[in-house]
Amino acid sequence: MSQARSYLIRAAEPSDAAALHRIKTAPGVYPDTLQLPYQPLSVTEKQLREQPATVHNLVACAPAGEVVGWGGLVGNDRPRTRHAASLFLVVDEAWQGKGVGSALMAAIVDLADNWLGLIRVELKVVHDNQRAIALYEKFGFEHEGRMRQEQLRAGKLEDVLAMSRLNWPGRAQP
Ligand SMILES: CC(C)(COP(=O)(O)OP(=O)(O)OC[C@H]1O[C@@H](n2cnc3c(N)ncnc32)[C@H](O)[C@@H]1OP(=O)(O)O)[C@@H](O)C(=O)NCCC(=O)NCCS
């Protein structure tokens, strides 16, 4: 467990399912992710009950103890891509812009670099999600490309940016 900017970061537990389900299906969250507005709680419960070894789910807790953010890494099983993982991140709509995402990113990057030995962490972000893009750039993610009309959002196909962060010995991080 680690503490950053007064948020406690810990592994997600099956008992967090209701809080995480509420966060990811909120109107200020799901449009900029690949989540759908209507999902049963049972999907999140199953996800947290059956966590594969390659998936690392972290939550951020506010000082009063409530879960206010969820992020992590989805790794790869296949031998030649085991050095890479995909990053995901969502913050409770009432807690956005208060450092929760930064606290989770610090923990995720530390996990990737210093405990999993990952070389590449990648992510996708909708082109106009300025807060997320600024956050990822702050943690050393670089732009790799633009996928045209990749994601349907509220009836409109939106471009999506690919970003990644490489970490290998001898390479200076931005
Ligand atoms: C994107 C998201 C995860 C960021 O988390 P957050 O807790 O709101 O982010 P933080 O408060 O830690 O701010 C991170 C950085 O974003 C930038 N930022 C903050 N508010 C911003 C704004 N209104 N516009 C642009 N950039 C902003 C700043 O660079 C900030 O870092 P700083 O405070 O050190 O300057 C969160 O807003 C969220 O869940 N959004 C909806 C779902 C989503 O978009 N998920 C990501 C999908 S790729």
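As the structure lists them, so they are numbered: ligands from 1, and atoms in each ligand from 1.
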Of all the atoms in ligand 1, which lie at a distance below 4.0 Å from a heavy atom belonging to [X]?
| X | result |
| --- | --- |
| Gly99 | 10 (P), 11 (O), 12 (O) |
| Asn129 | 43 (C), 44 (O) |
| Gly97 | 6 (P), 7 (O), 8 (O), 11 (O) |
| Lys138 | 31 (O), 32 (P), 34 (O) |
| Gly28 | 41 (C) |

Tell me the nearest of [options] to [atom], using heavy-atom distances.
| atom | options | result |
| --- | --- | --- |
| atom 12 (O) of ligand 1 | Gly71, Ser102, Ala134 | Ser102 |
| atom 7 (O) of ligand 1 | Ala132, Gly101, Ala26 | Gly101 |
| atom 45 (N) of ligand 1 | Leu89, Asp32, Val90 | Leu89 |
| atom 40 (N) of ligand 1 | Lys98, Met163, Gln96 | Gln96 |

*Are Val55 and Val59 in one and the same hydrophobic cluster, where Ile, Leu, Val, Met, Phe, Trp and Tyr link if side-chain heavy atoms are under 4.5 Å apart?*
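Both belong to a single hydrophobic cluster.
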_Please say yes or no: joined through hydrophobic side-chain contacts below 4.5 Å, possibly via intermediate residues, are Val68 and Met105 part of one cluster?_
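Yes, Val68 connects to Met105 through the hydrophobic network.
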Would you say [X] has any N or O atom under 3.5 Å from an N or O of ligand 1, going by distance alone?
| X | answer |
| --- | --- |
| Tyr136 | no |
| Trp95 | no |
| Thr33 | no |
| Lys124 | no |
| Val125 | no |

[X] and [Y]: which non-hydrogen atoms are nearest, and at how many Å?
| X | Y | value |
| --- | --- | --- |
| Ile108 | Phe88 | CD1-O, 4.3 Å |
| Cys61 | Val67 | SG-CG2, 4.2 Å |
| Leu48 | Glu13 | CD1-O, 3.7 Å |
| Ala60 | Val100 | CB-CG1, 3.7 Å |
| Ala85 | Gly75 | CB-CA, 3.9 Å |

*Does even one non-hydrogen atom of Tyr30 get within less than 4.0 Å of ligand 1?*
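Tyr30 does not count as a contact of ligand 1 under the 4.0 Å cut-off.
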_Presence of salt bridge, Asp16 and Arg10, under 4.0 angstrom_ =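 Salt bridge flag = yes for Asp16 with Arg10.
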*Plane angle bin for Tyr7 and Trp95 - parallel if under 30°, tilted between 30 and 60°, otherwise perpendicular*: perpendicular
*Say whether His143 and Glu137, considering side chains only, have a donor N or O and an acceptor N or O under 3.5 Å apart.*
yes
